[in-house]
Amino acid sequence: MRRLRLQQVAVIVAVLAVVRPALCREQKNNGTAAVAGGGEGKRSPRATAVIVFGDSIVDPGNNNNLHTQIKANHPPYGKDFDGHVATGRFSNGLVPSDLVAQKLHVKKLVAPWLNVDHTPEDLLTGVSFASGATGYDPLTPKIVSVITLEQQLEYFDEYRGKLVAIAGEEEAERIIDGALFFVCAGTDDVANTYFTTPFRILEYDIPSYVDLLLVGVDKFLRSVSARGAKLIGFVGLPPIGCVPSQRTVGGGLHRRCEPKRNYAAQLYNSRVQVLINGLNAEAGFNTRVVYLGIYDIIQELAEGGERWGFTETTRGCCGTGLIEVTNLCDSRFMAVCQDVSKHVFFDSFHPTERAYKIIVDYIWDTYGYLL
């Protein structure tokens, strides 16, 4: 009975929160460490590699062969990706980890750790271990059978071993020393585990649940630091209550931004910055963690997207745009909007590539000098 209940919850969470041969072609186009996207030409990279941990915002396809409903390896995902390939990225095109790698002039795409035959260049310039719908709460990935952050760290250990095999210990250490470790997670903890399932909300109020998440954040950042990271870019939470699916389930008849979810995100962001400042000041913590705030820019996009030419800011592009995500966003059953560029969100949970570019531009304008 409990197993059935978890399966039912997994379906709900999927609403809110193998690789085809063409994916191999994608990796061949990843480029070298001197390649930047968008026709910028060759420039010296600002980092040796981009190494990514987190959830669906930065998952380029690690979930594809998992026994989970949290996947994006089917159309219409990837409709504007090179070759119109649904690689497993939760968007119509690129995701923030790709855009960050381009900003650093490292490469055009960050490959997933799983489901891909890596080239040496893929490994030398970093990969993503991220898994859609994971989080800092240990319960979050279990509910939907995705990769825990602890497992992502174990995958990193395997990756480091391969790096040593390719380049030698000294060069592997140089690459890790000079890499940007990019971490993006936490939204699924709040939106899905806390507000959608009964497993935490009956036991924790919002402040105590945020404290639970901070325990996970502290443990994870220390673990990444212990593995040699010198620079971590740590992404804060967005205004979760303004995401289309959260407007639908919590925003009333008029689908307004839901305040409790936004309060949880703001409280988390405030407290996690205190945690990060403490780590940076701690003797013996040999990593610099840079907090990357995205709350304000996404709130601006969700409530005033007309400034950037968006005409739809409260619905996704897939189906009705109210609730469809992952397996419910499937072009076999759902229509897709005619002009994705006018939408902030592609499905009911994830932004479009165009919105992601605006968000990453904001990160670079605000924090880029620290990275």
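Numbers for residues simply follow the sequence, beginning at 1.
- Across the pair Cys318 and Cys337, the gap between the SG atoms, which is the quantity tested here, reaches or exceeds 2.5 Å.
- In this structure, Phe346 has its ring center at least 6.0 angstrom away from the ring center of Phe90.
- Counting only distance, with no hydrogens or angles, the side chain of Glu306 and the backbone of Gly309 share no donor-acceptor pair below 3.5 Å.
- Using a cutoff of 4.0 Å between basic side-chain nitrogens and carboxylate oxygens, Glu258 and Arg247 are not scored as salt-bridged.
- Expressed to the nearest 0.5 Å, how far CD1 of Ile206 lies from OH of Tyr268 amounts to 15.0 Å.
- Checking Leu237, Asn192, Val235 one by one against Thr187, the side-chain contact (heavy atoms from CB on, under 4.5 Å) holds for a single residue, Leu237.
- In this structure the side chain of Ile232 reaches within 4.5 angstrom of the side chain of Leu221, judged on heavy atoms.
- A donor-acceptor pair under 3.5 Å is formed between the side chain of Arg288 and the backbone N or O of Leu370.
- A donor-acceptor pair under 3.5 Å is absent between the side-chain atoms of Thr313 and the main chain of Gly305, judged by distance alone.
- Between the side chains of Ser44 and His105, not a single donor N or O lies within less than 3.5 Å of an accepting N or O.
- Figure legend: Arg315 and Phe345 shown without cation-pi pairing, the cationic atom not lying both under 6.0 angstrom from the six-membered ring centre and within 45 degrees of its axis.
- Remark: Glu300 CD to Ile359 CD1 distance equals 11.0 Å, nearest 0.5 Å.
- Between the side chains of Asn92 and Thr352, no donor-acceptor pair is found at a separation under 3.5 Å.
- Side-chain contact between Phe234 and Phe182 is absent, with no heavy-atom pair separated by less than 4.5 Å.
- Without hydrogens or angle criteria, Arg354 side chain to Ser341 main chain gives a donor-acceptor distance under 3.5 Å.
- Between Arg261 and Val249, some side-chain heavy-atom pair lies under the 4.5 Å cut-off.
- Here the side chains of Asp218 and Leu275 are in contact, with some heavy-atom distance below 4.5 Å.
- With hydrogens and angles ignored, the 3.5 Å screen pairs a side-chain donor or acceptor of Gln102 with a backbone N or O of Lys108.
- Under the 4.5 Å side-chain criterion, counting only non-hydrogen atoms from C-beta, Phe81 is in contact with Leu94.
- Within the 4.5 Å cutoff, the side chain of Tyr295 has heavy atoms near those of the Asn262 side chain.
- Between the side chains of Thr320 and Glu324, at least one donor N or O lies within less than 3.5 Å of an accepting N or O.
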Open item on the list: Please evaluate residues Lys103 and Asp361 with respect to the criterion side chain to side chain contact (heavy atoms under 4.5 Å, CB included), reporting the C-alpha separation (whole Å), side-chain torsions for both, the decisive distance (0.1 Å), and the verdict.
Closed with: CA-CA 9 Å; Lys103 288 286 189 183; Asp361 282 347; 2.7 Å; yes
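- Remark: the backbone N or O of Pro351 is paired with a side-chain donor or acceptor of Ser91 at under 3.5 angstrom.
- In this structure, the side chain of Tyr159 engages the main chain of Leu123 through a donor-acceptor pair within 3.5 Å.
- Annotation: side chain of Arg271 is not in contact with side chain of Val217 (no heavy-atom distance under 4.5 Å).
- Relative to the six-membered ring of Phe195, Arg200 misses at least one condition, a distance below 6.0 Å or an angle of at most 45° to the axis.
- The CG atom of Asn63 lies 5.5 Å from the CD1 atom of Ile147; values are rounded to the nearest 0.5 Å.
- Between the side chain of Ser56 and the backbone N or O of Gly132, no donor-acceptor pair lies under 3.5 Å.
- Considering CG of Leu104 and OG1 of Thr125, their distance stands at 11.5 Å, rounded to 0.5 Å.
- Ion pairing of Asp98 with Arg89 is present here, as a side-chain N (NZ or NE/NH1/NH2) and a carboxylate O approach within less than 4.0 Å.
- No path of Ile, Leu, Val, Met, Phe, Trp and Tyr side chains, each step under 4.5 Å between heavy atoms, connects Val336 with Met334, placing them in separate hydrophobic clusters.
- Using a cut-off of 4.0 Å between Lys/Arg side-chain N and Asp/Glu carboxylate O, Glu173 and Arg160 are scored as not salt-bridged.
- Side-chain contact check for Asn115 and Asn64: no donor-acceptor pair (N or O, by modelled atom type) lies under 3.5 Å.
- When all heavy atoms are compared, the tightest approach of Ile176 to Ala229 is CG2-N, 4.4 Å.
- Counting heavy-atom neighbours within 6.0 Å of Lys230 NZ, excluding the residue itself, gives a total above 12.
- Checking Thr248 against Gln246 by side-chain atom types alone, no donor-acceptor pair falls below 3.5 Å.
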- [ ] Mind running side chain to side chain contact (heavy atoms under 4.5 Å, CB included) on Cys184 and Asp55 for me, showing each step along the way?
- [x] CA-CA 6 Å; Cys184 180; Asp55 58 21; 4.2 Å; yes
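- Under the 4.5 Å side-chain heavy-atom criterion for grouping Ile, Leu, Val, Met, Phe, Trp and Tyr, Ile358 is connected to Trp364 within one hydrophobic cluster.
- The closest side-chain donor-acceptor pair between Thr287 and Ser225 falls under 3.5 angstrom.
- For the residue pair Asp211 / Ser208, no side-chain donor-acceptor distance below 3.5 Å is found, with atom types taken as modelled.
- Side-chain contact annotation: Ser97 with Ser128, donor-acceptor N/O pair under 3.5 Å absent.
- Among all heavy-atom pairs drawn from Leu163 and Leu124, the shortest one is CD1-CA, 3.9 Å.
- Inter-residue side-chain proximity for Leu180 and Val100 is flagged as met; some heavy-atom pair is nearer than 4.5 Å.
- Under 4.0 Å is where a charged nitrogen must lie from a carboxylate oxygen, and between Glu353 and Lys357 at least one such pair does.
- When all heavy atoms of Pro141 and Gly135 are compared, the closest pair comes out as CD-N, 4.2 Å.
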TODO: Walk me through it: do Glu158 and Lys162 pass the test salt bridge (Lys or Arg N to Asp or Glu O under 4.0 Å)?
DONE: CA-CA 6 Å; Glu158 295 177 13; Lys162 288 191 175 184; over 6 Å; no
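- Asn62 places no side-chain N or O within donor-acceptor distance of the main-chain N or O of Pro112, the cut-off being under 3.5 Å.
- Ring planes of Phe129 and Tyr155: parallel class, angle under 30° (limits at 30 and 60°).
- Although no hydrogens or angles enter the test, the distance criterion places a donor-acceptor pair under 3.5 Å between the side chain of Thr196 and the main chain of Ala191.
- Taking all atoms of both residues into account, the shortest heavy-atom contact from Thr314 to Arg255 is O-NH2, 2.8 Å.
- Shortest non-hydrogen contact noted between Lys107 and Glu121 is NZ-O, 4.4 Å.
- Atom-to-atom distance recorded for Asp177:CG and Arg174:CZ is 9.5 Å, nearest 0.5 angstrom.
- Of the N and O atoms on the side chains of Asp347 and Tyr77, at least one donor lies less than 3.5 Å from an acceptor on the other residue.
- Ring geometry for Phe156 versus Phe53: interplanar angle of 30 to 60°, hence tilted.
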Open item on the list: Ile240 vs Tyr194, test: side chain to side chain contact (heavy atoms under 4.5 Å, CB included). Steps then yes/no.
Closed with: CA-CA 12 Å; Ile240 296 169; Tyr194 188 76; over 6 Å; no
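- Hydrophobic clustering, with ILVMFWY side chains joined whenever heavy atoms are under 4.5 angstrom apart, keeps Phe181 apart from Val164.
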Open item on the list: Set out, in order, the CA-CA distance, both residues' side-chain angles and the distance that settles salt bridge (Lys or Arg N to Asp or Glu O under 4.0 Å) for Arg222 and Glu282, then state yes or no.
Closed with: CA-CA 11 Å; Arg222 290 181 185 279; Glu282 185 178 299; 2.8 Å; yes
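- Closest heavy-atom contact between Val106 and Thr48: CG1-O, 4.4 Å.
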